[in-house]
Number of protein chains: 4
Amino acid sequence: MPKDNELTKQKLLAAAVEMFTENGYYDTKISDIVKKAGVAQGTFYLYFQTKESIFTSIIKETNERMIHQIDHIFADHVSPEMSEDELKQRLYETISGCMSLYREHKAIVYMMRIHGSSQFAEAQRVAAECDESLLSIIIKLFKKFHLFPEYDQFQYQVAASAINGMMNETCMQYVILRDATDEDISKISRVVTQMIYDMTVGKECKS
Amino acid sequence: MPKDNELTKQKLLAAAVEMFTENGYYDTKISDIVKKAGVAQGTFYLYFQTKESIFTSIIKETNERMIHQIDHIFADHVSPEMSEDELKQRLYETISGCMSLYREHKAIVYMMRIHGSSQFAEAQRVAAECDESLLSIIIKLFKKFHLFPEYDQFQYQVAASAINGMMNETCMQYVILRDATDEDISKISRVVTQMIYDMTVGKECKS
Amino acid sequence: MPKDNELTKQKLLAAAVEMFTENGYYDTKISDIVKKAGVAQGTFYLYFQTKESIFTSIIKETNERMIHQIDHIFADHVSPEMSEDELKQRLYETISGCMSLYREHKAIVYMMRIHGSSQFAEAQRVAAECDESLLSIIIKLFKKFHLFPEYDQFQYQVAASAINGMMNETCMQYVILRDATDEDISKISRVVTQMIYDMTVGKECKS
Amino acid sequence: MPKDNELTKQKLLAAAVEMFTENGYYDTKISDIVKKAGVAQGTFYLYFQTKESIFTSIIKETNERMIHQIDHIFADHVSPEMSEDELKQRLYETISGCMSLYREHKAIVYMMRIHGSSQFAEAQRVAAECDESLLSIIIKLFKKFHLFPEYDQFQYQVAASAINGMMNETCMQYVILRDATDEDISKISRVVTQMIYDMTVGKECKS
DNA sequence: GATGAATGAGACTTCATTCAT
DNA sequence: GATGAATGAAGTCTCATTCAT
């Protein structure tokens, strides 16, 4: 009957996230993890098969949760019938919602993006999957608003990638690498919202 | 200045770049590097003090060269007096020039961004320095064109970061991770140029 | 005398024999034994002090039973007064009885001879004791039949050892390592009987 | 240029044989071997890939040498045309030659038979190969002398196995486990020769 | 300058044994 | 008596670095 069982596993997971975040995958030793978790070396292997497996297990699980939450954030929040102001407001909510989500999983995102991106095929696959998910949402929005009507598939991809890059980079720089407050996130999101608005929907209204 | 045996050093550097790129820092052994370079194990230590030092020495040197080249690409190519079309053309040339530059140093950029970003403070410092350099160039341009007059320093930074993110992401996805041809780069640059134009200078012309 | 829970102990012993036989001493883990026995890890230590102790306890106990049975098989079955045919018949019965006995304890003999012979002083002692027992029986028979009258003690030992070797080897090869049927054992015993007869009693009749 | 190279390997092999012989495979640690060889732990892995590989490499190589030498010892030494005395003399020479050979490789035979027989498929295969080789030689001799004309293939095998067992057992008991002198080997071989003679060729002469 | 055998610290992992429940 | 999570000593193997030639 798993009683302390689950507790010990959680202690190990928390310790692992902390150590991986702080020192990266290779400079984190099992001995560091168990020391921080306050259990014996052997205990680690009751819950995880290898060092690699705890790493991928962490990022996989978090990633799934995040993709799910992202889907929810973007779901049907905007439509072409909305007024300019309402649109911007919704866009803003989506972007700041995304950033808050990343902040919530800050340590693991850090671990995944900064340390993990290169370590294993598995980690790379997970990161790519997350990107994929976002890209497809963005492209869907392009279509919904009939943006870039002259673009082919490749150009769509590039444009979506560019927008993804804007959000990723600002999110990384301010939310993950620095300690963005709620106000910071709000301010950042306003800037990014405006930029995205201007280069997409706003541009249409211009002429 | 062929001191020591400069040829041997170059062989080692080339082998190191290749192995680091292929397998990452931790999965590359000194024995792999010397084997590929065709020299003996001990020879490595005649030219480099440690494994870490060859890694950072590669990315530092390349980074300096790249920053210098980027400076050159951006230098005085655009000014507010230009016509819309000319501006776009210059912007396009700058962006595609940047992408070609990255492609030229593809292996090392890959190594730096994918494998190295997390390994050492040193590597992270170098990457940050490169970003810094680009950000300051972008901000300078904002000022030159009197863009975002209502923004404070923080918002400027965010906006610059966003633009940097656009370029970085598209560049990574298509130039570094996939094998972008000249045509690809041209097409990508057009898309990005248009987006940047729309969210900056173009927006001004609208009202 | 069902002390403790005798059933649990028997389950552990049976599981241990099976696992030791299949995988040898070192490649059998306590966890394998308890899993096969269907009890918890800690339960093992209620019945046995150490891994080594269950191993030696198995081979010791079986060995005692086997020595006792061998004594019984050989007891007074032959005498110099018998006719040639009767002698051969008795010899045959003894030998095939021995082989059947080994077959009956096949798993443990396998474990003792193949896996255990080298592991511990204790196991070696037990195996040696079994050999000793047989050798002394054989020498007693030599004396009873006034065989090898010119041999000294050492030569007696060697001759007995040789006969022991014949039986052991054929028994190992056909009964323990292969799956000898009743007919096989019968056939093997006939061959061995004839050989032993020819080199001992039979030889006397010749001149 | 392998100079100390080969010397170090030999030191490791000698140390390994000694330690394996003394303590068996599992109770010999790499650290024991390198300590005895007087080299560092890591040096071991310059010459052998794993602990298992040094073990099998030792027994395989020795085994090949021994099989070759055994073939030579048995080659055409006896023929049905010989006189009884000459035959016995040749048989004696063969058997004592065999025992001397085993004594020469005493440590490794010990390691192979006592410790190694069960450890790995590989070790078992090697031991079986050696037995096979001897059995086939013995059966060839049976045929050459038209012994046991009424025996089928199975009975031949059993008879050969029995003779193999005689030699193995006496050899193990006196040469490998005890320290048989030249005189001992001579005396043992006389006894075994006589027994084998009586149960094979001698038996024919009787009637 | 070049070599490559040797080094040894230290990592990951296993598993017999213990002990609180 | 039974459980099974926890322990930690100890083993195998790796690899950056050194150094005698």
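Keep in mind the model is a prediction, meaning the values are calculated, not measured. Letters A, B, ... mirror the listed sequences (proteins, then strands); counts begin at 1.
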Point to revise | B:T43 side-chain proximity, nearest of F:dT12, E:dT3, E:dA6 | key: E:dT3
Study note, to complete from the structure: Regarding the side chain of C:A40, the nearest nucleotide among F:dC13, E:dT7, F:dG4 is F:dG4
Study note, to complete from the structure: Between NZ of D:K29 and P of F:dA9 the distance, given in whole Å, is 16 Å
Review point. Rounded to whole angstrom units, what separation is found between the OH atom of D:Y25 and the C1' atom of F:dT12?
Key: 10 Å
Check your understanding: What pattern of brackets, bars and dots sums up DNA chain E from 5' to 3', given Watson-Crick or G-U wobble pairs under 3.5 Å, [ ] for crossing pairs and | for another strand?
Key -> .||||||||||||||||||||
Check your understanding: A:Y45 has a side chain; which of E:dC12, F:dA16, F:dG4 sits nearest to it?
Key -> E:dC12
**Study point:** Cation-pi geometry met for B:K51 and B:Y25 (6.0 Å, 45°)
**Key:** yes
Check your understanding: Within this structure, what is the CZ-to-P distance between C:F20 and E:dA16, rounded to whole angstrom?
Key -> 9 Å
Exercise for review: Report which part of the nucleic acid A:L46 touches: base, sugar-phosphate, or nothing (heavy-atom distance under 4.0 Å, all strands).
Suggested key: base
Practice item. Just compare E:dA2, F:dT17, F:dA2 and give me whichever is closest to any side-chain atom of B:Q41. Key: F:dT17
Check your understanding: Can A:V39 and A:F44 be said to form a side-chain contact (heavy atoms from CB on, under 4.5 Å), step by step?
Key -> CA-CA 8 Å; A:V39 300; A:F44 178 89; 5.9 Å; no
Review point. For E:dA11, does either OP1 or OP2 sit under 4.0 Å from a side-chain N or O belonging to A:Y26?
Key: no
Check your understanding: Quick one: do A:E64 and A:K60 make a salt bridge, cutoff under 4.0 Å?
Key -> no
Revision key, fill the gap. So NZ of A:K106 and CG of A:L177: to nearest 0.5 Å the spacing works out to 8.5 Å
Review point. Which whole-number value in Å describes the distance from A:K35 NZ to F:dT7 C1'?
Key: 16 Å
Exercise for review: Select one nucleotide: of F:dA16, E:dG1, E:dT3, the one nearest the side-chain heavy atoms of B:Y47.
Suggested key: E:dG1
Check your understanding: Starting at CD1 of B:I33 and ending at P of F:dC15, how long is that distance when rounded to a whole Å?
Key -> 13 Å
**Study point:** A:F48 CZ - E:dC12 C1' separation (whole Å)
**Key:** 16 Å
Check your understanding: Would you say F:dA2 has OP1 or OP2 under 4.0 Å from some side-chain N or O of C:T8?
Key -> yes
Check your understanding: Starting at the 5' end of DNA chain E and moving along, which residue's nearest nucleotide shows up first, C:Q49 or D:F44?
Key -> D:F44
Review point. E:dC12 C1' sits how many Å from A:D32 CG, rounded?
Key: 13 Å
Review point. From B:I67 CD1 over to B:T62 OG1, what is the distance, rounded to the nearest 0.5 angstrom?
Key: 11.0 Å
Check your understanding: Hey, what do you get for CZ (C:F20) to OG1 (C:T28), rounding to the nearest 0.5 Å?
Key -> 5.5 Å
Point to revise | Parallel, tilted or perpendicular: ring planes of D:Y26 versus C:Y26, cut at 30 and 60 degrees | key: parallel
Check your understanding: Between atom CD1 in B:I30 and atom P in F:dT14, what is the gap in whole Å?
Key -> 17 Å
Study note, to complete from the structure: By nearest-nucleotide position on DNA chain F, the 5'-leaning member of A:G38 and C:V39 is C:V39
Review point. If you round to the nearest 0.5 Å, how far is CD1 of B:I30 from NZ of B:K35?
Key: 12.5 Å
